[in-house]
2 protein chains.
Amino acid sequence: MPPRLVSDTQLVDRLTDLFRSEGFEASSLNEIAKATGLQKSSLYHRFPGGKEQMAADVATAVTERFATEILAPLVGDGPLEERIREVGRNLDAFYEGGERRCLLDVLSVGHPGRAASSALADAGNGWVAVFATVARDAGADETTALARAQDAVAGIEGALVLARVTGDKAAFARAIDRLPDLLLGRAS
Amino acid sequence: MPPRLVSDTQLVDRLTDLFRSEGFEASSLNEIAKATGLQKSSLYHRFPGGKEQMAADVATAVTERFATEILAPLVGDGPLEERIREVGRNLDAFYEGGERRCLLDVLSVGHPGRAASSALADAGNGWVAVFATVARDAGADETTALARAQDAVAGIEGALVLARVTGDKAAFARAIDRLPDLLLGRAS
DNA sequence: GTCTATACGACGATAGAC
DNA sequence: GTCTATCGTCGTATAGAC
C-alpha cells in the first residue's frame, strides 16, 4: 500500500460535496483540484477515467452511504413507525433541513457519462426499493407498496427542488413529517 | 420594425427547448447557434447580455407561458374539480407524461446568473400561488392552502426527477391524478 | 503517488464587413 | 440584423521529472 496524501474515502467525500453544490458541468478540474487538495494530474492517477469516472464513483459511493448511514434503521428492530421517524431525522440531517441539494437531481442534469447515469439510476431504484419493503411490511401489496415508496421519494426530491428555487424549506419539512403516514398507508 | 430571420418568440422557444433538455452549462453557444439558426454574433445582437440573458429571458417567458397555457383554466368558470383536472391534462401534455424535464429544476442547477435565478424563483412562487388560490377557494385557510399548493408542486417536480433518474414515469402520472384531491383537501 | 509544465480544443464574447 | 473571422481564456487531459 503506497502512502496517499488523501484517502480514497476523503477524496470521494470532497468530490461529493463539490458535485452536489456545483453540479457536474460546473465543477471544473481546477475547482476539483482545489477542493480535493490534489493537482489535476494526480487526480487522473486516482481516476484514470477523468471527470466521468469521478462522477460515477461519487454516485456509487452515495448509494452505499445512503444505505448504511441513512436507511439502515429500516432493516433493524423495533416498532416500524419509530424506525421510519429515525430515517426521517437522518434525511433531515443529510439534506440539512432542505438546504442541501440531492445528487440524484443535480448530477442527472447534464452529461456525467453512462457509468454515472447508471449508478444514479441504481441509487434511485435502491432508495425506492427500501421504502417499498417498509410499505409491504406494513401490509401493502406489491403494487401499492411501490407506489407509496415512489411517492415518498418524489415528495422529498420535489421539496428539495422547491427549496432550491424559491428558498422555502417548509415543503421539505412536511415531506419528512408525513413519511410514516405515507409509507404505512395512513395518509391523512 | 426591422426584419428578423427568427422572431423573438421563436428564438425564446428554441432556447427553452435546448436549455430544458441540456441544462444551462451544457448548452454551448455553438449548440445554441445551431438550435436557433442564428450565428453566435447575431445572438449577441439579440441578447446583449449573452448566455445569462438568454437564460433569464427563457425563465421569464416560461412563467408567462405557464400562466397563459397551463394554469389558465384555474381562473376560469365551471366546477373547480373539473378545472383542476384540465390543468392536470395540460401539465401531462406539457411534460409529455413525465418525459420532459422542468426548467425550474434543470436551469437552477448550475449558475445561470442572478437575473435568471430570480426569474426562476418568481416562476416557482407564481405556480405555487395559483395552486394556493385554488385551495383557498376550496375552503382552506391561508396556511394550509399554501402547504397544499407547495406539496402539489413538489410532488410533480419530484416525480419528474424520479422519471429522469430511473426512467419510471408512474409517479408522475399519480402526481397529476391526485392533483384534485390534494388541492381540494380530500387527500385519500 | 504527486508534482510542474504543457498540449490543444472548446468556451463565451467581440470586431468589423455587408 | 446577420454574417465571417478572430480574440483571449479556460476546459479536459497528458508528458515526464521526482
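Naming: A, B, ... by sequence-line order, numbering from 1 per chain. Keep in mind that the numbers below use all heavy atoms, side chains included, and drop hydrogens, waters and symmetry copies.
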Protein heavy-atom contacts under 4.0 Å, written 5' to 3' over nucleotides 13-18 of chain C as B (base), S (sugar-phosphate only) or - (none), form the string BBB---

In this structure, are over 12 heavy atoms from other groups packed under 6.0 Å from B:Glu64 atom CD?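 It does not: B:Glu64 CD has 12 such atoms or fewer within range.
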
For D:dG1, take OP1 and OP2 only and decide whether either is under 4.0 Å from a side-chain N or O of B:Ser42. no

Hey, does the side chain of B:Asn30 come within less than 4.0 Å of C:dA10's phosphate (OP1/OP2), counting only N and O? no

Who passes side-chain contact (heavy atoms from CB on, under 4.5 Å) against A:Arg89, sequence neighbours left out? A:Glu82, A:Arg85, A:Glu86

Could you tell me the separation between the [atom1] atom of [X] and the [atom2] atom of [N], rounded to a whole number of Å?
X	N	atom1	atom2	value
B:Ile32	C:dA10	CD1	C1'	14 Å
A:Phe47	D:dT14	CZ	P	15 Å
A:Lys34	D:dC10	NZ	C1'	13 Å
A:His45	C:dG1	NE2	P	5 Å
A:Leu38	C:dT4	CG	C1'	15 Å
B:His111	C:dC11	NE2	P	19 Å
B:Phe24	C:dG12	CZ	C1'	10 Å
A:Glu25	D:dT12	CD	C1'	13 Å

[X] with [Y]: basic N within carboxylate O range, under 4.0 Å:
X	Y	value
A:Glu81	A:Arg186	yes
A:Asp105	B:Arg164	yes
A:Asp17	A:Arg100	yes
B:Asp8	B:Arg46	yes
A:Asp151	B:Arg178	yes

Closest to the [X] side chain: [options]?
X	options	result
B:Ser28	D:dT4, C:dC11, C:dC3	C:dC11
A:Gln39	D:dT2, C:dG1, C:dT4	C:dT4
B:Leu5	C:dC3, D:dT2, C:dC11	D:dT2

